[in-house]
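Just below is one structure, and these are the notes that go with it.
Letters A, B, ... mirror the listed sequences (proteins, then strands); counts begin at 1.
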Amino acid sequence: MRVLDNIIQNVVKAIEALYSQELPIQQIQIQKTKKEFEGDLTLVVFPLLKVTKKSPEQSAEEMGNWLLGNSNILNSYNVVKGFLNLSIEDKIWLDQFNVWARDENFGKSTSSTGKTFMVEYSSPNTNKPLHLGHLRNNFLGYSVAEILKANGHEVYKTQIINDRGIHICKSMLAWQLFGNNETPESSGMKGDHLIGKYYVAFDKEYKKQIAELVHGGMESKDAEREAEIFKDAQAMLRKWEARDPEVYRLWETMNAWVYSGFERTYTEMGVDFDKLYYESNTYILGKDVVEKGLADNIFYKKEDGSVWCDLSDHKMDDKLLLRADGTSVYMTQDLGTAIERYKDYTNLSGLIYTVGNEQNHHFKVLFTILKKIGYSWAEGCYHLSYGMVDLPTGRMKSREGTVVDADELMKSVIQDAKEMTQERGHLDGLSDSVKDELYKTIGLGGLKYYLLKVDPKKGMQFNPEDSVDLNGNTGPFIQYTYARIQSILRKVETFHKGSETDLLLEPAEKILLKDLSEFPSVIEEAGKSYSPALLANYTYELVKNYNSFYQSLSIIKEEDPNKKAFRIAISYKVGEVIKLSMQLLGVNVPERM
RNA sequence: GGGCCAGUAGCUCAGCUGGAUAGAGCACCUCCCUUCUAAGGAGGCGGUCAAAGGUUCGAAUCCUUUCUGGCUCACCA
């Protein structure tokens with residue numbers, strides 16, 4: 001962005017020289033020149049009229065004239081209404097390009113910020129397999145972590161595994177009742193899917209028992225509490241909390257099945273974690289904090305003995321922190337867990353929770369209470385809230401069996417990629433294992449890109465049948481362009497990464513240089529706003545422009561050796577930027593496809 | 001009922017702190033492979049930016065109201 005800085009400084013000087021006024025740089029508005037107009041950067045002069053006291057056209061004309069005479073990077077200018085369009089010398093662009101070309105880490109932050117972030121994502125329950133919503137969560141969390149690293153931060157990826165509670169006992173109990181000692185080995189099922197099967201089995205039996213009770217004349221609410229199997233599950237939870245050896249052993253065994261299943265899913269997804277927290281270890285945390293808060297009069301106790309936090313000064317309802325019987329709730333645990341994490345990592349600048357937007361309120365309350373207690377680091381806590389993934393038929397509902405399973409979805413996109421690639425790919429001479437890797441790259445790349453290109457905050461629609469889309473704003477489109485570039489580079493064998501600087505640039509070349517110039521600030525912005533979508537959309541724009549360049553100009557067939565060298569060099573650099581950018585999204589790029 | 005978020009082309013989405021004639025992709029219709037990978041490119045069709053007011057040189061963007069949808073306000077996690 002050195003070109004931009006140069007212009008801004010010169011605009012300040014111009015105003016000083018022409019109107020004897022000093023203007024803060026925030027008041028200077030410079031944007032990319034729209035395609036319909038000639039120029040590279042545009043100064044919007046409307047905000048300057050107060051200073052110039054002249055018409056927009058006249059002001060722009062005066063500014064342009066001064067800048068052209070006093071800046072050594074300008075080539076020409078033109079004025080359209082209140083817009084001053086500035087053209088930068090080709091040589092300046094090429095000088096810039098040579099700087100980027102030499103920089104292996106172009107786009108990333110050059111130095112460490114010294115800051116450390118913890119990013120939490122995934123955090124599944126251990127009673128059923130991962131689904132489409134988890135995919136968005138995992139891809140998002142992983143990508144944000146990578147983007148923060150690219151911004152020079154140190155990052156720890158973590159998750160809290162919800163491995164205890166009544167819902168876990170439900171699948172355990174159903175397995176005891178109906179399982180006949182079925183195991184992942186004996187059934188050939190992935191552990192998490194096996195457990196999920198018994199969770200469903202519990203629900204089925206539970207409903208049956210409720211129906212029977214209601215049929216016998218009971219109110220349905222009472223029936224839900226009185227059903228035998230439900231009471232058994234509660235009893236099992238009490239045993240678990242008392243560390244009953246038999247229940248505990250069963251719990252360990254079944255969780256181990258789930259973890260080995262999750263492990264395979266995570267590997268397939270391409271995500272990983274640096275540190276795991278288990279709810280079975282953390283659910284007791286937080287009580288002492290609440291007790292201390294009570295002693296410090298930050299919280300209060302009701303007559304029944306329950307402990308609450310008054311949030312009326314934040315216009316929220318009071319929040320329960322300890323039940324009358326002294327047991328804790330979700331909020332209590334989360335308070336404890338957050339504090340634990342800051343104990344484990346004393347230098348955290350931020351703790352980012354990748355959790356769906358249905359928990360917006362929960363996190364608002366959590367952060368507020370942490371601040372109330374007096375933890376100043378709570379300022380660095382951030383809820384990376386993302387919208388639900390809906391099907392064309394509406395929300396996924398497990399009761400209606402419309403949940404899209406993560407493993408199955410990944411399998412099916414890879415299969416789709418295989419069929420498409422066999423139809424039109426360039427796979428001569430590749431071994432089967434390389435081909436299989438390629439199908440995975442394309443299928444999963446398409447899926448990840450699809451889920452990440454949408455602004456995280458927004459809800460999105462997902463049509464499993466559309467996911468195989470390969471044209472337009474998709475992962476495979478970007479991958480294809482990368483593969484194309486690699487094909488060119490293979491043909492030329494050796495090349496220089498830089499370029500001569502006395503070339504006359506074609507419009508298509510200049511557009512690419514402008515795109516490249518924005519890459520560092522896109523990474524920065526994506527980091528600040530925790531938005532992989534910004535990177536995805538940037539890369540799409542870059543790739544579109546590259547394809548246009550590719551189509552309209554010869555590269556290795558260009559006769560002028562300097563032009564040829566530049567076009568190869570810029571192709572290489574565009575390829576590098578695509579690769580890095582996709583890496584930050586967790587998407588791989590293939591050498592050929 | 002209170003709070004938060006959203007509503008942009010037939011569909012899926014961009015549009016950053018207000019700036020030029022609101023952009024892509026899909027779908028539909030034309031063209032372009034004896035030329036570096038056609039999973040590509042060039043073009044066409046398609047809009048009252050939910051509605052109404054307001055703020056100003058200028059509003060999809062900011063403010064107010066209304067309508068519609070989602071989430072939430074659990075002694076579930």
Side-chain angles (χ1 to χ4, degrees), chain A residues 26 29 31 33-37 42 44-47 49 56 80-83 85 123 125 162 164-168 279 283 304 306 308 315-317 319-325 327-331 333-334 356-362 364-365 385 387-388 390 392 394-395 417 420-421 423-426 442 446 450 453-455 457-463 466 469-481 483-492 525 528-529 531 533-534 536-537 540-541 543-544 546-558 567-568 571 592-593:
Chain A
Q26 296 93 316
Q29 253 189 77
Q31 53 189 248
T33 303
K34 298 227 168 195
K35 279 191 181 127
E36 308 87 84
F37 303 99
T42 295
V44 185
V45 298
F46 291 107
L49 298 183
V80 181
K81 293 192 270 182
F83 299 91
N85 300 321
S123 300
N125 291 327
N162 301 299
R164 53 132 249 141
I166 188 76
H167 52 296
I168 309 297
E279 198 197 318
Y283 80 106
D304 66 358
S306 56
W308 297 73
K315 291 181 183 166
M316 291 188 280
D317 294 336
K319 182 69 197 174
L320 175 86
L321 296 175
L322 282 178
R323 297 187 183 100
D325 64 5
T327 56
S328 59
V329 292
Y330 179 39
M331 185 59 73
Q333 293 176 37
D334 263 12
N357 63 8
E358 75 272 18
Q359 295 200 36
N360 284 354
H361 183 255
H362 172 78
K364 203 172 151 193
V365 172
S385 163
M388 297 290 102
D390 287 336
R395 199 174 175 180
M420 295 298 184
T421 306
E423 227 172 80
R424 52 186 123 171
H426 310 77
I442 296 172
Y450 187 94
K453 73 176 178 185
V454 180
D455 181 349
K457 289 192 298 288
K458 292 191 177 176
M460 64 181 294
Q461 276 221 19
F462 180 83
N463 188 343
D466 285 353
D469 230 358
L470 302 173
N471 311 313
N473 191 355
T474 65
F477 170 75
I478 291 168
Q479 291 171 323
Y480 177 74
T481 306
R484 242 182 176 181
I485 292 171
Q486 301 318 305
S487 168
I488 286 179
L489 298 178
R490 276 195 298 274
K491 289 206 164 73
V492 298
E525 195 50 43
K528 278 184 189 156
S529 56
S531 177
L534 292 178
N537 289 315
Y540 174 58
E541 203 60 38
V543 161
K544 259 202 313 185
Y546 182 82
N547 280 325
S548 186
F549 156 87
Y550 177 94
Q551 201 81 24
S552 61
L553 300 170
S554 297
I555 301 170
I556 53 182
K557 292 188 176 164
E558 168 61 40
R567 287 177 193 168
I568 291 169
S571 295
R592 60 178 74 192
M593 69 186 272

Any base atoms under 4.0 Å from [X], or only sugar-phosphate, or nothing? Heavy atoms, all strands.
X: Arg395(A); answer: sugar-phosphate
X: Thr474(A); answer: nothing
X: Ser529(A); answer: nothing
X: Gln359(A); answer: base
X: Phe37(A); answer: base
X: Leu553(A); answer: base
X: Ile488(A); answer: sugar-phosphate
X: Asn85(A); answer: base

Interatomic distance, [X] [atom1] vs [N] [atom2] [rounded to whole Å]:
X: Gln29(A); N: G19(B); atom1: CD; atom2: P; answer: 7 Å
X: Lys364(A); N: C5(B); atom1: NZ; atom2: C1'; answer: 11 Å
X: Lys458(A); N: C5(B); atom1: NZ; atom2: C1'; answer: 11 Å
X: Glu541(A); N: G15(B); atom1: CD; atom2: P; answer: 12 Å
X: Gln333(A); N: C76(B); atom1: CD; atom2: C1'; answer: 11 Å
X: Asn537(A); N: G23(B); atom1: CG; atom2: C1'; answer: 11 Å
X: Asn473(A); N: A24(B); atom1: CG; atom2: P; answer: 12 Å
X: His361(A); N: C5(B); atom1: NE2; atom2: C1'; answer: 14 Å

Per [X] side chain, nearest of listed nucleotides [options]:
X: Val454(A); options: A14(B), U37(B), C75(B); result: A14(B)
X: Glu358(A); options: C71(B), A77(B), U12(B); result: C71(B)
X: Ile555(A); options: C75(B), C36(B), C13(B); result: C36(B)
X: Lys491(A); options: C75(B), C4(B), C36(B); result: C36(B)
X: Leu320(A); options: U37(B), A24(B), C75(B); result: C75(B)
X: Pro47(A); options: G19(B), C71(B), A77(B); result: G19(B)

Does Arg323(A) make a side-chain N or O approach to OP1 or OP2 of C76(B) shorter than 4.0 Å? yes

Does U21(B) have OP1 or OP2 under 4.0 Å away from a side-chain N or O of Lys81(A)? yes

Output a table of nitrogen or oxygen pairs between the protein and nucleotides 39-44 of chain B separated by less than 3.5 Å.
| from | atom 1 | to | atom 2 | distance (Å) |
| --- | --- | --- | --- | --- |
| A39(B) | OP1 | Tyr480(A) | OH | 3.4 |
| A39(B) | O4' | Arg424(A) | NH1 | 3.0 |
| A39(B) | O3' | Asn471(A) | OD1 | 3.3 |
| A39(B) | N6 | Thr421(A) | OG1 | 3.3 |
| G40(B) | OP2 | Asn471(A) | OD1 | 3.0 |
| G40(B) | O2' | Arg484(A) | NH1 | 3.0 |
| G40(B) | O2' | Arg484(A) | NH2 | 3.4 |
| G40(B) | N2 | Gln551(A) | NE2 | 3.0 |
| G41(B) | O4' | Gln551(A) | OE1 | 3.3 |
| A42(B) | OP1 | Ser548(A) | OG | 3.2 |

Any ion pair linking Arg323(A) and Asp325(A) (charged N to carboxylate O, less than 4.0 Å)? no

Under the side chain to side chain donor-acceptor pair (under 3.5 Å) rule, what do Asp334(A) and His362(A) come out as? Steps first, then yes or no, please. CA-CA 10 Å; Asp334(A) 263 12; His362(A) 172 78; 2.8 Å; yes

Rounding to the closest angstrom, what is the interatomic distance between [N] and [M] at atom [atom1]?
N: U21(B); M: C33(B); atom1: P; answer: 38 Å
N: U64(B); M: A59(B); atom1: C1'; answer: 15 Å
N: G15(B); M: A24(B); atom1: C1'; answer: 10 Å
N: A14(B); M: U72(B); atom1: P; answer: 22 Å
N: A20(B); M: C57(B); atom1: C1'; answer: 14 Å
N: U48(B); M: U12(B); atom1: C1'; answer: 22 Å
N: G2(B); M: U65(B); atom1: P; answer: 11 Å
N: U8(B); M: C49(B); atom1: P; answer: 12 Å

Minimal heavy-atom distance between Pro476(A) and Ile442(A), with the atoms involved, is CG-CG2, 4.0 Å

Closest non-hydrogen atom pair between Ile555(A) and Tyr550(A), with its separation: CD1-CD1, 4.0 Å

Does either side chain, that of Tyr546(A) or that of Ser571(A), offer a donor lying less than 3.5 Å from an acceptor on the other one? yes

In B/S/- notation (B base, S sugar-phosphate only, - none; protein heavy atoms under 4.0 Å), nucleotides 59-64 of chain B written 5' to 3' is ------

Is any side-chain heavy atom of [Y] closer than 4.5 Å to one of [X]?
X: Arg484(A); Y: Asn547(A); value: yes
X: Leu321(A); Y: Val329(A); value: no
X: Met420(A); Y: Leu470(A); value: yes

So, is C33(B) syn or anti if syn means the angle is within 90° of 0? syn

base_contact_polar (C13(B) base, Asp455(A) side chain, donor-acceptor, <3.5 Å): no

Is the ring centre of Phe83(A) under 5.5 Å from the base ring centre of A20(B), and are the two planes under 30° apart, so that they stack? yes

How are the rings of Phe83(A) and Phe46(A) set relative to one another: parallel (under 30°), tilted (30 to 60°) or perpendicular (over 60°)? perpendicular

Between Lys315(A) and Phe549(A), which residue's closest nucleotide on RNA chain B lies nearer the 5′ terminus? Lys315(A)

If you assign Glu525(A) and Phe46(A) each to the RNA chain B nucleotide with the nearest heavy atom, which residue ends up on the more 5' nucleotide? Glu525(A)

Hey, could you give me the CD/CG distance between Glu279(A) and Asn125(A), rounded to the nearest 0.5 Å? 8.0 Å

Distance, nearest 0.5 Å, that separates CG of Asp390(A) from CZ of Phe462(A): 12.5 Å

For Phe477(A) and Val543(A), what are the C-alpha separation, side-chain angles and deciding distance, and is it a side-chain contact (heavy atoms from CB on, under 4.5 Å)? CA-CA 8 Å; Phe477(A) 170 75; Val543(A) 161; 3.3 Å; yes

Opposite nucleotide pairing with C62(B), Watson-Crick or G-U, both atom distances under 3.5 Å: G54(B)

Counterpart base for C16(B), defined by Watson-Crick or G-U wobble contacts under 3.5 Å: none

Check for a donor-acceptor pair, side chain of Lys458(A) on one end and backbone N or O of Gly387(A) on the other, with a separation under 3.5 Å. no

